[in-house]
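Values in this document were obtained by computation on a predicted structure and should not be read as measured data. Just so you know, ligand 1 is whichever comes first in the structure, and atom 1 is the first atom listed for that ligand.
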Amino acid sequence: VYFYSAPENFNEEMLRGKRVIVTGASSGIGEQMAYHLARMGAHVLVTARTEAKLQKVVERCRELGAASARFVSGSMEDTAFAEEVVKEAENTWGGLDMLILNHIGHSYFNYFDGDVDHIRKLLETNFLSYVAMTVTALPMLKESEGNIVVVSSVAGKAPGPFAAPYSATKFALDGFFSSLRHEFIIENVNVSITLCILGYIDTDNAMQAVSHAIKVAPSPKEECALEIIRSGALRQHELHYPPGIVNGMLLLRGQEPGLRLQRFLFDRKKKGEGAAP
Ligand SMILES: NC(=O)C1=CN([C@@H]2O[C@H](COP(=O)(O)OP(=O)(O)OC[C@H]3O[C@@H](n4cnc5c(N)ncnc54)[C@H](OP(=O)(O)O)[C@@H]3O)[C@@H](O)[C@H]2O)C=CC1
Ligand SMILES: C[C@H](CCC(=O)NCC(=O)O)[C@H]1CC[C@H]2[C@@H]3C(=O)C[C@@H]4C[C@H](O)CC[C@]4(C)[C@H]3CC[C@]12C
């Protein structure tokens with residue numbers, strides 16, 4: 001069992017004046033990360049598709065004390081847009097300290113429906129855009145000896161049922177960024193890569209998608225967002241949040257986690273309910 005317990009020397013001053021991109025920041029965990037960073041006095045550049053929501057997030061960041069706050073709206077289905085976001089940071093700040101890759105495209109929580117094009121599109125949005133932003137940002141991150149924070153899921157470590165397309169994109173993140181971290185260590189590239197393995201979090205979209213099927217209580221998005229920032233600032237290799245659930249899932253990985261996950265999460269057989277979520 002691997003415990004990633006970072007030394008408790010995080011200080012919010014570590015983020016003051018830092019230049020940070022947060023993707024998927026118009027709602028959910030990304031929105032909360034933007035607010036924490038603003039409170040800590042960072043420069044924030046937030047991105048998502050919905051301009052009206054981003055405008056409100058930027059206004060709130062300014063109220064909370066951000067050193068500066070701005071947004072770029074567009075879809076990460078297009079890797080050219082992903083690169084454009086990083087270029088905006090370079091043009092605005094002349095550099096970058098932390099890249100938080102957080103956005104995800106719409107998917108479903110149900111049996112795999114055979115739609116290969118959906119998986120192709122989700123790989124563009126959830127994986128290739130992360131790679132494209134990393135490639136474009138790397139010169140600046142090498143200059144600042146900064147951090148790449150990749151937001152993933154237990155679905156990208158201990159696969160379970162009903163999220164096959166989404167899970168595939170999360171496993172791709174682990175494969176790519178954990179391999180890249182090895183190369184950085186070999187080449188003495190002082191850019192940290194933090195992979196965040198999250199359990200169920202109480203964001204509106206997630207709860208709307210699965211609360212009918214999942215019986216465990218979700219964890220708070222505000223605390224989750226702060227833990228992600230803390231783990232990135234401490235240059236941890238991985239964050240497991242909440243530790244109790246995620247480490248438990250990893251423990252079960254060798255023991256048919258899909259089956260145990262069904263029992264643990266859905267608790268359906270006892271109640272005689274149907275099989276589909
Ligand atoms: N909530 C949970 O239970 C869990 C979440 N996670 C991970 O945490 C991260 C955030 O999840 P959560 O906060 O719940 O997600 P939300 O659905 O709340 O937020 C997703 C964000 O991504 C943006 N987005 C959606 N589609 C696109 C697109 N095509 N291009 C650019 N941006 C897009 C949305 O804004 P807009 O629609 O305006 O574009 C929104 O800002 C994800 O990586 C997810 O995998 C991991 C485990 C559990
Ligand atoms: C179904 C969600 C995919 C994104 C989405 O479509 N949101 C609604 C919208 O945009 O309209 C999944 C996003 C996070 C997933 C959850 C997660 O990652 C943690 C658990 C992993 C486990 O393997 C299955 C249950 C999860 C709670 C999982 C469920 C599906 C998501 C909510």
K.L.:
Which of the numbered atoms in ligand 2 are under 4.0 angstrom from any heavy atom belonging to S153?
P.N.:
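Counting atoms of ligand 2 from 1, those under 4.0 Å from S153 are 17 (C), 18 (O), 19 (C), 21 (C).
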
K.L.:
Can you sort out which atoms of ligand 2 are near A206, meaning under 4.0 Å from one of its heavy atoms?
P.N.:
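Counting from 1, the qualifying ligand atoms are 32 (C).
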
K.L.:
Can you list everything that forms a side-chain hydrogen bond (donor to acceptor under 3.5 Å, both in side chains) with E31? Sequence neighbours excluded, please.
P.N.:
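Expected list: Y35.
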
K.L.:
So do E90 and L96 actually touch side chain to side chain, heavy atoms under 4.5 Å?
P.N.:
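L96 vs E90: side chains apart.
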
K.L.:
Would you call K87 and E84 a salt bridge, using N to O less than 4.0 angstrom?
P.N.:
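No.
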
K.L.:
Report, in ascending order of atom number, the atoms of ligand 2 lying under 4.0 Å from any heavy atom of I214.
P.N.:
25 (C), 27 (C)

K.L.:
Does a side-chain heavy-atom distance below 4.5 Å link L45 with V85?
P.N.:
yes

K.L.:
Considering only heavy atoms of V210, which atoms of ligand 2 have at least one such atom less than 4.0 Å away?
P.N.:
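What qualifies from ligand 2 is 29 (C), 30 (C), 32 (C).
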
K.L.:
Test your reading of the model: is there a side-chain donor-acceptor pair from T47 to the backbone of S73, 3.5 Å cut-off?
P.N.:
no

K.L.:
Less than 4.5 Å apart, side chain to side chain, heavy atoms only: is that true for L198 and I228?
P.N.:
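A side-chain contact exists here, since the closest heavy-atom pair is under 4.5 Å.
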
K.L.:
Identify, by atom number and element, the atoms of ligand 2 in contact range of I104, meaning under 4.0 Å from any of its heavy atoms.
P.N.:
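Near I104, meaning under 4.0 Å from one of its heavy atoms, ligand 2 has 4 (C), 13 (C).
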
K.L.:
Regarding E88 and R70, does a basic nitrogen lie under 4.0 Å from an acidic carboxylate oxygen?
P.N.:
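Looking at E88 and R70, the cut-off is met.
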
K.L.:
Look only at the side chain of K121 and the backbone of G105, and say whether a donor-acceptor pair between them is shorter than 3.5 Å.
P.N.:
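No, K121 side chain to G105 backbone: no donor-acceptor pair under 3.5 Å.
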
K.L.:
Tell me whether ligand 2 is touched by S107 - counting only heavy atoms on the residue side and a distance under 4.0 Å.
P.N.:
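Flag set, S107 near ligand 2.
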
K.L.:
Just list the N/O pairs, ligand 1 to protein, that are under 3.5 Å apart, with the distance for each.
P.N.:
unit_1   : atom_1 : unit_2 : atom_2 : d
ligand 1 : 1 (N)  : I201   : O      : 3.4
ligand 1 : 1 (N)  : T203   : OG1    : 3.2
ligand 1 : 3 (O)  : I201   : N      : 2.8
ligand 1 : 3 (O)  : I201   : O      : 3.4
ligand 1 : 13 (O) : I29    : N      : 2.9
ligand 1 : 14 (O) : T203   : OG1    : 2.7
ligand 1 : 17 (O) : N205   : ND2    : 2.7
ligand 1 : 18 (O) : S27    : OG     : 3.4
ligand 1 : 19 (O) : S27    : OG     : 3.4
ligand 1 : 26 (N) : R49    : NH2    : 3.4
ligand 1 : 26 (N) : I104   : O      : 3.2
ligand 1 : 29 (N) : S75    : OG     : 3.2
ligand 1 : 30 (N) : M76    : N      : 2.8
ligand 1 : 35 (O) : S26    : OG     : 2.8
ligand 1 : 37 (O) : R49    : NH2    : 2.8
ligand 1 : 38 (O) : S26    : OG     : 3.0
ligand 1 : 38 (O) : R49    : N      : 3.4
ligand 1 : 38 (O) : T50    : N      : 3.0
ligand 1 : 38 (O) : T50    : OG1    : 2.6
ligand 1 : 39 (O) : R49    : N      : 2.8
ligand 1 : 39 (O) : R49    : NE     : 2.7
ligand 1 : 41 (O) : G24    : O      : 3.2
ligand 1 : 41 (O) : S26    : N      : 3.2
ligand 1 : 41 (O) : S26    : OG     : 2.8
ligand 1 : 43 (O) : N102   : O      : 2.8
ligand 1 : 43 (O) : K170   : NZ     : 2.9
ligand 1 : 45 (O) : Y166   : OH     : 2.7
ligand 1 : 45 (O) : K170   : NZ     : 3.0

K.L.:
Which part of Y166 is near ligand 2, with near meaning a heavy atom under 4.0 Å away: side chain, backbone, both or neither?
P.N.:
side chain

K.L.:
Say whether Y108, considering both its backbone and side-chain N or O atoms, lies within less than 3.5 Å of an N or O atom on ligand 2.
P.N.:
no

K.L.:
Check each heavy atom of I201 against ligand 2 and say whether those closer than 4.0 Å belong to the side chain, the backbone, both or neither.
P.N.:
neither

K.L.:
Between E59 and K56, does any NZ, NE, NH1 or NH2 come within less than 4.0 Å of an OD or OE carboxylate oxygen?
P.N.:
no

K.L.:
Applying side chain to side chain contact (heavy atoms under 4.5 Å, CB included) between M133 and each of I21, L138, L128, report the one that passes.
P.N.:
I21

